[in-house]
Protein chains: 2
Amino acid sequence: MKIKIAIVDDNSFLINTVKEKLSFFQNLKFKFSAINGADLLEKLDANQKIDLILMDIEMPVLNGIEATEIVKQKYPQIKIIMLTVFDNDENIFNAIKAGADGYLLKEINAKDLHDGIVDTLNGGAAMNPSIALKTLKLLRNPLDIENESDKDDIKLTQREIEVLEQLSKGLSYNLIAENLILSTGTVRKHIENIYKKLQVHNKLEAVQKAKKNKLI
Amino acid sequence: MKIKIAIVDDNSFLINTVKEKLSFFQNLKFKFSAINGADLLEKLDANQKIDLILMDIEMPVLNGIEATEIVKQKYPQIKIIMLTVFDNDENIFNAIKAGADGYLLKEINAKDLHDGIVDTLNGGAAMNPSIALKTLKLLRNPLDIENESDKDDIKLTQREIEVLEQLSKGLSYNLIAENLILSTGTVRKHIENIYKKLQVHNKLEAVQKAKKNKLI
DNA sequence: TAAGCGTAATAACAATTGTCACCACGCTCA
DNA sequence: TGAGCGTGGTGACAATTGTTATTACGCTTA
C-alpha cells in the first residue's frame with residue numbers, strides 16, 4: 001500500500017521540487033497539491049484519503065500553522081510534516097502546538113525526506129537535526145515561550161556561541177581556553193566581541209541576554 | 001580529524017556491540033569505555049580530549065543523567081548522546097534537562113548511529129523518531145514538567161536573599177551596596193556567606209543555583 | 001548565661017575579569 | 001582586488017571579584 005501524500009505550498013516551483021524527490025520511491029504516491037491552507041481544506045473534503053501532508057508555513061489566505069490546526073481537528077489520522085525554509089523558534093513551537101508530526105527544512109535530500117515520511121507514518125516524528133536541537137532548547141527553557149516581542153536578532157558566530165555556552169556554565173577564562181584549546185587571550189577577545197554584540201558588560205548579563213534571545 | 005568517542009555502560013557486552021557499530025566508519029574513533037558515571041569522570045580527567053560520549057542511563061554508583069549533568073558542567077564542549085533501552089518520558093525529559101545533545105535507543109543500526117553522531121557534532125541533535133515524538137508531546141504539554149524538586153533546602157537569610165536578588169540583576173558590589181545602603185565590604189561579606197551556603201565560587205553559579213532552588 | 005547566628009564593617013591580597021589597542025591569516029563577496 | 005569578517009593571538013592596565021582574617025553588637029535559645 002503506497003503512502004498517499006499531499007503537498008501544500010504557494011510556490012509551484014517548490015512543489016515540483018518536492019514531487020521530484022518523492023518520485024524516487026515506489027512506496028510514496030503524490031496525490032495532489034494545494035497553494036494555501038484554504039485550498040488544501042477544499043481538496044481534502046473532496047479527497048480525504050490522504051496519509052500525510054507536507055505543509056509549507058508562509059502562505060496567503062490560510063497559513064500552514066492555522067491549516068495544520070484545522071486539519072488535525074477534522075482529520076486527526078492525517079500526519080502533517082512542516083516543510084519550510086524558516087526555522088525560527090516561533091514557527092517551530094507554533095507548528096508543534098498546532099499538532100504537526102514533524103518539522104523538516106526544504107533543503108532536505110530525497111532520502112531523508114523519504115525516511116522522515118516513513119518514520120512519521122510508523123508513529124514517530126520527523127525532525128531535521130537542527131530543529132531537534134531547537135526543540136531540546138525549548139524544552140530546557142520553559143521560559144516565556146509565548147511572547148515573541150523584543151528579540152533583537154543578534155548574530156553571534158559559531159565560535160562565539162561555543163564560548164558563551166562555556167561562560168554560561170560558570171567556567172573561568174582559563175578553563176574555557178583549555179576546553180576549546182585556545183589561548184586565554186583569544187577567549188577574552190571572543191568574550192569582548194560577544195559583549196559588544198549583546199551590549200553588556202559582564203558575564204551574568206551576557207548569559208542572561210543570550211538565554212532570553214535563545215542564543216544558547 | 002576523527003571523532004573521538006567514549007562509551008559509558010555497565011554492561012560490557014553492550015559496549016562491545018556499540019564498538020562494533022562504530023568500527024564500520026573511518027571518521028569515528030573509539031577512545032575508551034567506562035562502566036559507570038564515576039568511572040567516566042575519572043577517565044575524563046585523565047583523557048579529556050573526547051568529542052562525544054555515548055551514555056547509558058541505568059548504571060550503579062552514578063547514573064547517566066547525573067553523569068551528564070556533571071560532564072556538561074565541567075566540559076561543555078563535549079557532546080553527549082544518551083544511548084539506552086529505556087524511552088520513558090521521565091528519563092527523556094531528565095536527560096534533556098541534564099544537557100544531553102541527543103537520545104537514541106540501543107536497537108539503532110550502525111548507519112543511523114553514525115549519522116546521529118555526525119549530526120550532533122555539526123551542531124544538531126540526534127533523536128530516534130519515537131523519541132522525537134515524545135519531545136514534541138512534552139512541548140505540547142508543559143504540564144508534566146513541573147515537579148521533581150530536588151532542592152537541597154538551602155536556608156538563606158532575608159538579607160542574603162536581598163543581596164542575591166541584586167546580584168542576579170548583574171549589579172556590581174558597589175551598586176548593590178548603594179541600593180541596600182550598606183558598605184561595599186558588607187556586601188562582599190554577605191556574598192561570601194552566600195557562596196559558602198550554596199557551595200559555589202562566583203556570581204554566575206550563585207545565581208543559577210539560586211534560581212534552580214527557587215531561592216529567587 | 002554563654003554559644004551561635006545574623007547583621008554590619010574594615011583591611012589586605014590574589015585572582016579574575018573587562019577594556020583597549022594592535023597584529024595576522026584566510027575566506028567571501030561586491 | 002580590496003574591504004570586511006571570523007578566527008586566533010599578544011600586551012598592558014584598571015576594575016571588579018573572590019578570599020581570608022578580624023571586630024562588634026543585638027537577638028535567640030539551649
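Throughout, a chain's letter reflects where its sequence line sits, starting with A, and its residues are numbered from 1. Since the structure is predicted, the reported quantities are computational estimates derived from the model, not experimental observations.
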(message) For a quick test of reading the model: is some side-chain N or O of A:T186 closer than 4.0 Å to OP1 or OP2 of D:dG9?
(response) yes
(request) Would you please confirm or rule out a distance under 4.0 Å between OP1 or OP2 of C:dA8 and any side-chain N or O of B:H190? (result) yes
(message) Please pick, from D:dT10, C:dA9, D:dT7, the nucleotide with the shortest atom-to-atom distance to any side-chain atom of A:S183.
(response) D:dT10
(request) Determine, for nucleotides 13-30 of chain C in 5'-to-3' order, which nucleotides have protein heavy atoms under 4.0 Å from the base (write B), from only the sugar-phosphate (write S), or from neither (write -). (result) ----BBBB-B--------
(request) Scan side-chain atoms only and decide if B:S172 and B:N174 contain a donor-acceptor pair under the 3.5 Å cut-off. (result) no
(request) Could you tell me the separation between the CG atom of A:L180 and the C1' atom of D:dT7, rounded to a whole number of Å? (result) 13 Å
(message) Within the supplied structure, the quantity of interest is the number of heavy atoms (other residues, nucleotides, ligands) at a distance under 6.0 Å from B:K2 NZ; does it exceed 12?
(response) yes
(request) Specify the separation, in whole Å, of atom CG of B:L182 and atom C1' of C:dT10. (result) 14 Å
(request) May I ask you to test the A:V8-A:L54 pair for a side-chain heavy-atom distance under 4.5 Å? (result) no
(message) Whole angstroms only, please: what is the CD-P distance between A:E160 and D:dT7?
(response) 6 Å
(message) A:D39: which residues meet the side-chain hydrogen bond (donor to acceptor under 3.5 Å, both in side chains) condition with it, sequence neighbours left out?
(response) A:K43
(request) Would you check if B:Y195 and B:K203 make a side-chain contact, meaning some heavy-atom pair closer than 4.5 Å? (result) yes
(message) On DNA chain D, does the nearest nucleotide to A:K197 precede the nearest nucleotide to A:G185 from the 5' side, or the other way round? Give the residue.
(response) A:K197
(request) For A:I181 and D:dG9, give me the distance from atom CD1 to atom C1', rounded to whole Å. (result) 16 Å
(message) Would you say that A:Y173 contacts A:T186 through its side chain, given a criterion of any heavy-atom pair below 4.5 Å between the two side chains?
(response) no
(request) Write down the distance between CG (B:N193) and C1' (C:dT7), rounded to a whole number of angstrom. (result) 10 Å
(request) Return the value, rounded to whole Å, for the distance between atom CZ of B:R159 and atom C1' of D:dG26. (result) 15 Å
